Amino acid sequence: MRIAFMGTPDFSVPTLDALIGAEHEIVAVYTQPPRPAGRGKALSPSPIQLRAEAAGIAVRTPLTLRDPQAQAAFAALNLDAAVVAAYGLILPVPILEAPRHGCLNVHGSLLPRWRGAAPVQRAILAGDEETGVCIMQMEKGLDTGPVYARQATPVDRKTAGELTSEIAEMGARLMIDVLGRIDAMTPVPQPDEGVTYAHKIEKSEARLDFSGSAVAAERQVRAFNPAPGAFFEYRGERIRILAAEVSGDAAPPGTVADGLAIACAEGTLRPTLVQRAGRAAMTPGELLRGFPIPAGTLLA
C-alpha cells in the first residue's frame, strides 16, 4: 500500500519499523519539528525523524496542517492510507479524507475508555485491571472513530514506561494485520457507554498524596515512571520514588518510619527505588546514608 506515516515520540517507532518491515511504500513521514532539548537547548529531531532519515524516507515537519498548501501537498501524495501513532498535531477534515482508506490511528487504550492524551497513565491511576490498544479510523471528534481491531493486556504492576512500550509493540503488529485485510474489514462504531477521557498529565499531579491510600500513591509511582516522576519534598529537595510496595501499617499520613516507609491515610507506601535530583537511582538505604530523613519526620 502507498502510505504516509505520522508520528513523533518513541511510542511511534515500532509502528514505523513494522511498516518498513512489511514493505509498504512509505512515501512520506510527518513528524513534529525539532524541539529544544538538553541543557544547551539545542534543536533535537524527534525519534521518528531520526528513524525515517536512517531509512531514507522523506520527512516533513509542518507546524500545522490547517494551511491549504500543506493540505494540498498531503493530497498530492495520492495515498491508500495514512498511519498515525502519537503524531501530536490535529488532523483537519481535508487531511482525514485525502487517503483512499482515510487515516488509521494506533491508540493506547481499549476505546471508548480513555480517549485523549494520556491513556496509559490514566489507566494505571484509575486502577484498571487491563488496558490495551485499538486501531481506529480517525474522524473529526477526539478518538471517537470506529475501531478495526483491539487487543488487551493486563496492567498488573507495570510502570507507564513498561506498559507504553508493550502497547506500542502490540499496536504495530495489529496495524500491519489491519492493513493487510482492510479491504475486507468494516470498522465497528464505539459504544456510547463507558466513555472516559484521559486528560493531559499535569506535573503537579506527580506530587505524592499521602492523605489518600497507599494503593493510590503506589499507582502514582507507576503512572509517572519514567516521567514526570512521582515525588515528595524534604528540606527543599525533591526526592523521586521510582518503585514502591504497599503494606497495611498505620500511622498519621506523611509520617516517615524506618527504611523510608511513609504512612498514608490507608496503609503505608514502602519505596524500593528512589532518586535525588541529578543522581542515579538508588535504594532507600543508600539514600538515607547520604541524606538522612529521620523516623518520625512528617512530610507535607
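Just so it is clear, the model here is predicted, and its values are computed rather than measured.
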Verify same cluster id: F231, F210 (apolar side-chain graph, 4.5 Å)
no
Looking at residues at least two apart in the chain, or sitting in another chain, which of them share a salt bridge (charged side-chain N to carboxylate O under 4.0 Å, His left out) with E193?
none
Look at atom CG of D183 and say whether more than 12 heavy atoms of other residues, nucleotides or ligands are closer to it than 6.0 Å.
yes
Testing L16, V84, V27, V59 for side chain to side chain contact (heavy atoms under 4.5 Å, CB included) with F5, which one passes?
L16
Contacts of E237 meeting side-chain hydrogen bond (donor to acceptor under 3.5 Å, both in side chains) (sequence neighbours excluded), chain-then-number -> R276
Closest non-hydrogen atom pair between L242 and N225, with its separation
O-ND2, 2.9 Å
In terms of heavy-atom contacts, P271 and I241 come closest through CG-CD1, 3.7 Å
Residues which pass ring-ring contact (aromatic ring centres under 6.0 Å, His included) with F11, listed by chain and number, not counting sequence neighbours:
none
Between P33 and L63, is any pair of side-chain heavy atoms under 4.5 Å apart?
yes
So do L179 and V83 actually touch side chain to side chain, heavy atoms under 4.5 Å?
yes
Answer yes or no: does atom CG of L50 have more than 12 heavy-atom neighbours from other residues, nucleotides or ligands under 6.0 Å?
yes
Within the distance-only criterion (no hydrogens, no angle test), does the side chain of Q220 pair as donor or acceptor with the backbone N or O of E205 below 3.5 angstrom?
yes
So which heavy atom on V120 is nearest to which on G108, and how close?
CG2-O, 4.0 Å
Whether the side chain of R51 engages the backbone of S46 through a donor-acceptor N/O pair (distance < 3.5 Å, no angle test) should be reported.
no
Steps toward side-chain contact (heavy atoms from CB on, under 4.5 Å) verdict (L260, F232)
CA-CA 12 Å; L260 198 58; F232 65 88; 4.3 Å; yes
Starting from L19, can I reach I182 by hopping between I/L/V/M/F/W/Y residues whose side chains sit under 4.5 Å apart?
yes
With distance as the sole test, does T268 use its side chain to make a donor-acceptor pair with the main-chain N or O of S247 at under 3.5 Å?
no
Kindly write out the residues that satisfy side chain to side chain contact (heavy atoms under 4.5 Å, CB included) with D10, not counting sequence neighbours, or none if the list is empty.
P47
Is the side chain of H24 donor-acceptor paired with the backbone N or O of M1 at a distance under 3.5 Å, no angle test?
yes
Which residue pairs pass the side-chain hydrogen bond (donor to acceptor under 3.5 Å, both in side chains) test with at least one member in residues 73-86, sequence neighbours excluded?
D80-R100
Under a 4.5 Å side-chain heavy-atom rule over Ile, Leu, Val, Met, Phe, Trp and Tyr, are L104 and M185 clustered together?
yes
Name all residues meeting the side-chain hydrogen bond (donor to acceptor under 3.5 Å, both in side chains) criterion together with E169; count only those two or more places apart in sequence or in a different chain, and write none if there are none.
none
Is the backbone N or O of Q69 less than 3.5 Å from a side-chain atom of D67, with the two atoms forming a donor-acceptor pair by type?
yes
For F224, is there any backbone N or O sitting under 3.5 Å from a side-chain donor or acceptor partner on Q121?
no
Verify whether one side chain among T61 and Q49 offers a donor that lies under 3.5 Å from an acceptor in the other.
no
Between L89 and Q32, does the side-chain contact (heavy atoms from CB on, under 4.5 Å) criterion hold? Intermediate values first, please.
CA-CA 8 Å; L89 284 185; Q32 291 273 342; 3.4 Å; yes
Sequence neighbours excluded, which residues qualify as ring-ring contact (aromatic ring centres under 6.0 Å, His included) partners of Y148?
none
Charged N-O contact under 4.0 Å between E25 and R2
yes
Could you tell me the separation between the OG1 atom of T196 and the NE2 atom of H199, rounded to the nearest 0.5 Å?
9.0 Å
Following the transitive rule for hydrophobic clusters with a side-chain heavy-atom cut-off under 4.5 Å over Ile, Leu, Val, Met, Phe, Trp and Tyr, establish whether I135 and M138 coincide in one cluster.
no
Listed by chain and number, what are the side chain to side chain contact (heavy atoms under 4.5 Å, CB included) partners of Q190, not counting sequence neighbours?
L111, P112, R115, M136, V147
Of all residues at least two apart in sequence or in a different chain, which pass the side-chain hydrogen bond (donor to acceptor under 3.5 Å, both in side chains) check with E218?
R157, R222
For the pair S12 (side chain) and I48 (backbone), establish whether a donor and an acceptor sit closer than 3.5 Å, ignoring hydrogens and angles.
no
Show your working on side-chain contact (heavy atoms from CB on, under 4.5 Å) between E286 and V274 and close with a plain yes or no.
CA-CA 9 Å; E286 291 169 332; V274 296; over 6 Å; no
Just wondering, do L91 and M6 contact through their side chains at under 4.5 Å, heavy atoms?
yes
If you take all heavy atoms of G116 and D143, which pair is closest and at what distance?
N-OD2, 2.7 Å
Starting at OG1 of T255, measure out to CG of D249 and round the result to the nearest 0.5 Å.
12.0 Å
Could you pull out the closest heavy-atom pair between P146 and E139, with the gap in Å?
CD-OE1, 3.9 Å
Do side-chain atoms of Q71 reach the backbone of V93 as a donor and acceptor pair under 3.5 angstrom?
no
Would you compute the distance between atom CD of E129 and atom CG of D156 and round it to the nearest 0.5 angstrom?
9.5 Å
Partner set under side chain to side chain contact (heavy atoms under 4.5 Å, CB included) for T297, not counting sequence neighbours
Y234, V256, I293, P294, L299
Hey, does F74 have a side-chain heavy atom less than 4.5 Å from the side chain of L65?
no
Are L208 and I262 connected in the hydrophobic side-chain network, where two residues link if heavy atoms are under 4.5 Å apart?
yes
Mind checking what makes side chain to side chain contact (heavy atoms under 4.5 Å, CB included) contact with L110, not counting sequence neighbours?
E130, R150, A152
Say you draw a straight line from CD of Q137 to OG1 of T186; how long is it, rounded to the nearest 0.5 Å?
11.0 Å
All side-chain hydrogen bond (donor to acceptor under 3.5 Å, both in side chains) counterparts of D128, not counting sequence neighbours
R113, W114
Atom CG of D177 and atom CE of M175: how far apart are they, to the nearest 0.5 Å?
11.0 Å
State the CG-OG1 distance between L174 and T15, to the nearest 0.5 angstrom.
9.5 Å
Taking every non-hydrogen atom, the tightest pair across T131 and S109:
OG1-CA, 3.8 Å
